[in-house]
Amino acid sequence: QEDREAAAYFSYRYLSVTLPALRAKTFADSDTGVPIEYFRWRRVIIDECHEPLCMGSDDADESAMSSKRSSCAVRELLGIAHPDVASRPLLAQRGVFGLTGTPLLASPAR
């Protein structure tokens with residue numbers, strides 16, 4: 001439970017404080033290390049999108065979370081849980097597309 005609360009607090013701070021402050025900054029063309037959240041992309045394409053999209057209830061326990069950290073990070077970066085598209089970390093002018101050859105099922109066992 002503590003991990004979930006910490007993750008929820010991180011998401012809240014990231015979206016409500018850090019992301020707006022980052023977008024308010026200006027960077028020179030010669031600057032390096034500019035975060036990807038700063039840019040407005042024409043299109044965002046996610047390969048193997050079933051990984052972050054199909055996390056079921058069995059992924060909520062601690063042992064699964066340790067092996068699913070990258071999927072959780074991708075979910076956070078894509079802003080899947082945020083209905084307001086303008087507040088998502090990656091902004092796309094034309095759309096966000098997901099590619100997968102795996103059927104989007106309710107659980108990996110199916």
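The two residues V44 and L91 come nearest to each other via the heavy atoms CG2-O, 4.5 Å. A92 and G95 make their closest contact through CB-O, 3.3 Å (heavy atoms, listed as atom of the first residue, atom of the second, distance).
Cluster annotation: I46 is connected to I36 through the hydrophobic network of ILVMFWY side chains, with a link wherever side-chain heavy atoms come within less than 4.5 Å.
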Show the atom names and distances, to 0.1 Å, of all donor-acceptor pairs under 3.5 Å that link a side chain in residues 10-19 to residues at least two apart or in another chain.
| residue | atom | partner | partner atom | Å |
| --- | --- | --- | --- | --- |
| S11 | OG | A7 | O | 3.1 |
| S11 | OG | E76 | OE1 | 2.7 |
| S11 | OG | E76 | OE2 | 3.2 |
| Y14 | OH | E37 | OE2 | 2.6 |
| S16 | OG | Y12 | O | 2.6 |

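For F27, the side chain to side chain contact (heavy atoms under 4.5 Å, CB included) partners are L22, K25, D31, V34, P35, Y38, not counting sequence neighbours. With sequence neighbours excluded, the residues satisfying side chain to side chain contact (heavy atoms under 4.5 Å, CB included) with I45 are F97, L99.
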